[in-house]
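Notes to accompany the following structure.
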Amino acid sequence: MFPPERIVCLTEETVETLYLLGEEDRIVGISGYTVRPPRARREKPRVSAFISADVPKILALEPDLVLTFSDIQAEIVRDLVKAGVNVHAFNQRTIPEILDMIHMLGALTGKAREAEALVASLVEGMEKVRAESAALPLRPRVYFEEWDEPAISGIAWVSELIAIAGGDDIFDDLASRRSAKDRIISYEEVAAREPDLIIGSWCGKKFRPEKVAARTAFEDIPVIRDGALHEIKSSIILQPGPASLTEGLAVLRDIIHARAHALAEGKSPGRGQAARM
């Protein structure tokens with residue numbers, strides 16, 4: 001059937017995108033991790049976690065299409081395909097790929113024009129932040145921690161958003177590695193790259209700055225002394241969809257801009273002195 005009338009979304013970003021396209025009535029099942037938009041949790045039955053799903057419950061919904069994300073859901077995809085279900089697996093890891101996902105979802109649902117307008121709006125918002133960030137007195141070096149034990153640096157779209165918001169990701173050389181296991185780093189490597197700012201977003205648990213500050217490898221880096229440690233909720237930054245490009249970017253901008261001005265004003269001696277030279 002085209003366009004599909006009964007869609008199951010196993011990750012949040014496709015749920016949010018369909019709501020933004022005005023096509024929420026097509027959604028018949030969602031992931032239990034869905035929090036955007038808030039009303040989706042009230043309106044739609046939950047049929048999956050992230051790495052597991054209730055396949056019989058999904059089949060009972062008689063979906064025309066199931067939307068999944070990444071190789072982590074490959075076994076779910078296999079089971080659904082074997083059961084005769086149409087499945088589309090997205091694999092976006094960069095901002096351009098996120099925008100492509102929105103275009104493709106629009107095409108899949110017969111809403112290409114609406115998807116194009118949504119993408120244009122998102123791009124306009126990002127370019128506005130990029131222009132604001134160009135006026136910063138300096139670009140803070142940012143360490144983004146996606147997980148703590150082991151430490152995992154930020155994925156590509158996060159690294160790209162840091163750049164748009166006026167910072168420099170200290171592990172941008174690793175950001176293109178699509179698998180989290182390929183972005184595992186040591187605390188000593190973090191300290192050696194001397195971040196001006198630490199941002200944590202531990203997917204599934206609360207970021208604990210006091211735990212980060214207590215790491216032996218971090219005892220001599222100024223960012224700890226300055227207390228420049230912040231959390232961004234994973235639901236708005238580690239979700240490869242509209243939330244990251246809007247709310248997530250806005251929080252990044254506020255944190256990075258505040259730190260840039262503090263450094264430039266000499267509130268952190270080393271960078272502040274450098275900024276005045």
Check: Are any side-chain N or O atoms of R178 and backbone N or O atoms of N91, one a donor and one an acceptor, separated by less than 3.5 Å?
Finding: yes

What one should report as the nearest heavy-atom pair of G166 and I256 is C-CG2, 3.6 Å

Using a 3.5 Å distance criterion without hydrogens, assess whether the side chain of R139 forms a donor-acceptor pair with backbone atoms of A134. no

Take Y143 and I185 through the test side chain to side chain contact (heavy atoms under 4.5 Å, CB included) and record every step on the way to the result. CA-CA 11 Å; Y143 168 50; I185 51 177; 3.5 Å; yes

| request: Kindly say whether I164 contributes a backbone atom to a donor-acceptor pair with the side chain of S133 at under 3.5 angstrom? | output: yes

In short, ring pair (Phe, Tyr, Trp, His ring centres under 6.0 Å) pairs touching residues 70-125 with sequence neighbours left out are H88-F90

Check your understanding: Does the Q73 side chain pair with the main chain of T68, one donor and one acceptor, at a distance under 3.5 Å?
Key -> no

Worksheet item: Does CD1 belonging to I51 count more than 12 external heavy atoms closer than 6.0 Å?
Response: no

**Asked** So F144 and F171, side chain to side chain contact (heavy atoms under 4.5 Å, CB included) or not? Walk me through it.
**Response** CA-CA 8 Å; F144 186 95; F171 286 106; over 6 Å; no

Report task. Might you confirm whether atom CD of E132 has over 12 heavy atoms from other residues, nucleotides or ligands at distances under 6.0 Å? Result -> yes

Are the side chains of I76 and S48 in touch, meaning some heavy atoms are under 4.5 Å apart? no

Here the pair of heavy atoms bringing K44 nearest to I27 is NZ-O, 2.9 Å

ask   = Can you list the steps and then say if L122 with I98 is a side chain to side chain contact (heavy atoms under 4.5 Å, CB included)?
value = CA-CA 11 Å; L122 292 170; I98 291 172; over 6 Å; no

What one should report as the nearest heavy-atom pair of C9 and L18 is SG-CD1, 3.8 Å

| said: I'd like to know if the side chain of H261 and the backbone of P137 have a donor-acceptor N/O pair within less than 3.5 Å. | reply: no

All heavy atoms of T11 vs all of T14, minimum pair found to be O-OG1, 3.2 Å

Given the options T94, D168, D169, S159 meets side-chain hydrogen bond (donor to acceptor under 3.5 Å, both in side chains) only with D169

Between R93 (side chain) and S70 (backbone), is there a donor-acceptor pair under 3.5 Å? no

For E12, does its backbone N or O pair with a side-chain atom of E16 as donor and acceptor, under 3.5 Å?
-> no

Hey, is R215 close enough to E145 for a salt bridge, meaning N to O under 4.0 Å? yes

Does NZ in K205 sit with more than 12 non-hydrogen atoms of other residues, nucleotides or ligands closer than 6.0 Å? yes

- Message: Are L99 and V158 connected into the same hydrophobic cluster when the rule is that any two of I, L, V, M, F, W, Y join if their side-chain heavy atoms are below 4.5 Å apart?
- Response: yes

query: Donor-acceptor pair, E13 side chain versus P242 backbone, under 3.5 Å?
result: no

For V85 and P63 the tightest heavy-atom approach is CG1-CG, 4.2 Å

Does the pair R259/D226 count as a salt bridge with the N-to-O cut at 4.0 Å?
yes

Item to check | hydrophobic_cluster_shared for L245 and I232, side chain cutoff 4.5 Å | outcome: yes

Exactly one of R177, R183, K181 clears salt bridge (charged side-chain N to carboxylate O under 4.0 Å, His left out) with E146, and that residue is R183

| query | Within a reach of under 6.0 Å around NZ of K128, are more than 12 heavy atoms found that belong to other residues, nucleotides or ligands? | reply | no

Main-chain N/O of R46 paired to K57 side chain as donor or acceptor, under 3.5 Å
yes

Does a side-chain N-to-carboxylate-O contact under 4.0 Å join E231 and K206?
yes

Self-check item: Derivation and outcome, side chain to side chain contact (heavy atoms under 4.5 Å, CB included), residues I7 and T109
Solution: CA-CA 10 Å; I7 300 175; T109 54; 3.9 Å; yes

Those residues at least two apart in sequence (or on a different chain) that pass ring pair (Phe, Tyr, Trp, His ring centres under 6.0 Å) with Y33 are none

For A264 and L138, the nearest pair of non-hydrogen atoms, with its separation, is N-CD2, 4.1 Å

In short, salt bridge (charged side-chain N to carboxylate O under 4.0 Å, His left out) pairs touching residues 107-126 with sequence neighbours left out are E23-K111, K111-E114

Per side-chain hydrogen bond (donor to acceptor under 3.5 Å, both in side chains), Y19 is matched among R36, E24, E43 by E43

Determine yes or no for a side-chain-to-main-chain donor-acceptor pair under 3.5 angstrom, with W157 supplying the side chain and L238 the backbone. no

Handout entry: E75, CD: over 12 other non-hydrogen atoms inside 6.0 angstrom
Key = no

Parallel, tilted or perpendicular, judged at 30° and 60°: which one describes the rings of F207 and W202? perpendicular

